[in-house]
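Here's the structure, in structure tokens; my notes come after.
Below, read A as the first sequence line, B as the second, and so on, with proteins coming before strands; counting in each chain starts at 1. Predicted model, so just to flag it, every value in this text is computed and none were measured.
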2 protein chains.
Amino acid sequence: MSSRVTLADVAQRAGVSTQTVSRVVNHNPAVRPETRARVLEVIGELGYRPNTVARSLATRRTMTFGIVVPDIGNPYFADVVRGAEDAARGLGYQILLCNTDQMPERELTAIEAFQEKQVDGIILCSTRIPEEDLPDTLRTHTPIVLTGREWVEGAVGAVHADDDRGLLLAIKHLLQRERRNIVFAAGRPGGPGHARRMRAWHEFADSAGYCAEQLVAIPCATNPAGGQEAASQALRDNPEVDGIVCFNDLVAIGAVHACIEAGKRVPEDVAVVGMTDIALASLVEPPLTTVGHAKHELGKQAVAMLVDHLASRAHEREIVLKTELVVRASAP
Amino acid sequence: MSSRVTLADVAQRAGVSTQTVSRVVNHNPAVRPETRARVLEVIGELGYRPNTVARSLATRRTMTFGIVVPDIGNPYFADVVRGAEDAARGLGYQILLCNTDQMPERELTAIEAFQEKQVDGIILCSTRIPEEDLPDTLRTHTPIVLTGREWVEGAVGAVHADDDRGLLLAIKHLLQRERRNIVFAAGRPGGPGHARRMRAWHEFADSAGYCAEQLVAIPCATNPAGGQEAASQALRDNPEVDGIVCFNDLVAIGAVHACIEAGKRVPEDVAVVGMTDIALASLVEPPLTTVGHAKHELGKQAVAMLVDHLASRAHEREIVLKTELVVRASAP
DNA sequence: CACGCAAATGTGAACGCTAACATGCTAGAT
DNA sequence: ATCTAGCATGTTAGCGTTCACATTTGCGTG
């Protein structure tokens with residue numbers, strides 16, 4: 001029956017001031033052991049629990065972070081959120097969650113709602129807010145860390161995977177296996193990560209002396225349906241296609257389906273490489289070769305950065321997490 | 001630059017009292033249109049944003065629900081949380097998330113932390129708090145809705161899927177396909193849903209006149225590894241096994257692997273049926289036949305129940321969501 | 001033309017806590 | 001005995017809202 005017991009109730013019963021009780025609750029050492037014991041006893045008797053809303057009003061800290069993701073149902077973001085929550089919990093912070101389905105207006109609404117709730121910081125994952133609006137959005141007193149994209153003016157920092165190198169790993173892997181007609185199912189143009197991956201794609205094409213035609217990038221939705229569509233289009237345009245690199249693993253799964261539908265064997269006829277290595281990747285048939293991301297770590301680092309910032313501790317402006325090629329059956 | 005602007009700042013600048021500004025912000029009709037316009041203008045100029053922490057202290061409502069799940073990385077709970085957040089957002093509520101990895105102490109800690117944060121309600125998913133401790137835990141002023149298990153004294157309500165019937169559907173499906181040596185990979189004894197599914201299992205065995213030996217239930221961890229272990233044990237004990245029903249889809253995926261490892265073909269030699277129909281189920285090879293759960297709906301209903309309760313509206317004490325058999329290749 | 005009534009606005013106080021300072025007390029130094 | 005450090009505790013004033021009431025204003029009525 002822990003109900004409406006306040007500091008004052010405890011103070012009165014224990015015969016001390018509210019301030020002393022507050023000190024006990026907050027582990028302030030400046031309390032005589034006997035007094036502390038007495039207060040703790042009364043706290044136990046009365047079942048007192050501090051009211052963090054009142055505490056937050058007084059301290060101007062809520063010990064809460066908000067995290068904005070496109071969709072927690074997407075295993076990628078589930079892992080990122082999990083990492084963030086683990087780190088936050090360890091540091092005494094709690095996590096407010098908001099899904100936006102990649103709708104910029106909903107991202108903005110979420111940020112404002114979080115700010116009104118006085119969160120101590122916000123983690124904005126793979127935002128779809130247009131590049132040009134971002135600085136304005138970030139120009140606020142609430143620290144914001146970005147994930148899945150580069151740092152931009154106004155943000156406390158950014159945490160993302162090394163997609164450039166990841167993409168390179170994937171392409172090189174395919175080239176070494178004598179794949180010569182490689183296609184990139186590139187995700188949504190304008191979407192987070194798209195520009196970076198495209199840049200890497202073209203840089204590589206140039207440096208390797210490839211003629212542009214040999215490296216085709218096809219925009220697509222970042223889910224199985226998008227991958228299926230992109231892959232079947234690619235195979236229609238050029239039946240010689242023997243390698244597909246995908247924006248993420250969900251796209252790759254769709255691409256695999258498209259190949260099979262088109263009568264191609266994976267990996268014999270077409271090798272498929274995914275990205276991010278979600279749990280799913282090792283469970284589908286064939287298991288996906290993929291460029292692994294440290295998703296859990298991503299969430300953790302985002303929280304760590306926020307906490308460092310709040311403590312006025314120096315920290316990187318941008319953290320780039322290593323990617324690694326995980327070779328499975330879809331591109332052995 | 002939306003910083004520390006308060007109601008008082010707005011009031012002073014607009015030449016009215018804080019109360020009037022408060023009325024405008026809260027859409028209280030008892031304000032002259034001209035006054036309202038003036039106040040709104042100043043709010044715009046100053047970039048005022050209400051401080052919900054202060055508001056919550058005064059109103060004793062935080063417009064926040066806490067949700068406790070074993071692991072958001074598990075696609076089942078990701079869907080439930082997504083459903084809850086969707087419903088909550090639509091009603092102006094926000095969601096605090098906590099993962100517990102099925103550790104009862106962490107569930108208790110989470111509940112307490114949420115209470116200190118004065119959440120308006122808690123959704124406790126598939127709790128592993130021992131049956132006998134549950135009433136004490138629930139005996140609190142914060143409304144708690146349970147999911148994934150039956151209602152228990154003290155809870156506002158419970159929302160869960162009709163596993164009894166679901167399990168029946170699975171078994172009957174296998175029997176109709178002339179499978180005669182059926183095994184149940186039953187999940188963790190004492191875990192949520194375990195008792196209910198076991199009861200259904202035995203009830204069916206009795207009613208169908210089966211001798212107990214023909215329906216074996218094997219406890220296992222509720223993940224692919226658990227399923228793999230349980231299935232390989234079952235096949236070792238009885239090579240005749242031709243049907244495996246699984247606690248959930250992750251277990252089913254493990255069971256499929258075990259079958260293949262043991263040289264059995266799925267579904268020709270052994271038919272495998274999963275439960276809950278996570279997105280993964282249709283993407284593995286072979287695609288899983290499974291008993292579908294309305295996961296998104298589960299989260300939604302939990303929130304709806306909480307909101308009804310807070311509004312002192314009548315509501316069911318227990319909502320049982322229908323399950324349906326989704327037939328795919330693993331048990332055609 | 002005073003009267004009363006409703007609509008519009010204002011006035012404390014409260015929500016439960018902490019920050020910052022003030023006070024009282026004990027004990028060692030002088 | 002007196003002074004003074006320094007520890008333990010108390011006091012006061014917010015934190016930014018809303019609540020419950022009090023007050024003012026405008027307007028139709030007898």
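Between A:F65 and A:Y93, the angle of the ring planes stays under 30°, which puts this pair in the parallel group of the 30/60° scheme.
For the pair A:L7 CG and C:dG16 P, the interatomic distance rounds to 10 Å; values are reported in whole Å. Per the geometry, CZ belonging to A:R55 stands 18 Å off C1' belonging to D:dG16, to the nearest Å. We find that CZ of A:R32 is positioned 14 Å from C1' of D:dG10, with the value rounded to whole Å. For the pair B:E34 CD and D:dT25 C1', the computed distance is 13 Å after rounding to whole Å. Distance, A:L57 CG to C:dC15 P: 14 Å, rounded to whole Å. Atoms CG (A:D9) and C1' (C:dC17) sit 13 Å apart, rounded to a whole Å. To the nearest angstrom, P of C:dT9 lies 13 Å from CZ of B:R38.
At the heavy-atom level, A:S17 lies under 4.0 Å from base atoms of the strands shown. At a threshold of 4.0 angstrom between heavy atoms, the contacts of A:R23 include nucleobase atoms, whether or not backbone atoms are also involved.
At a cut-off of 3.5 Å, with distance as the only test, a side-chain donor of B:H160 or B:E318 sits close to an acceptor on the other residue.
Proximity of B:H315 to B:Q301: side-chain heavy atoms (C-beta onward) are nowhere separated by under 4.5 Å.
Between the side chain of A:T62 and the main chain of A:Q118, a donor-acceptor pair closer than 3.5 Å is present.
Nearest-nucleotide assignment on DNA chain C puts the 5′-proximal partner with B:T35, out of B:T35 and A:V53.
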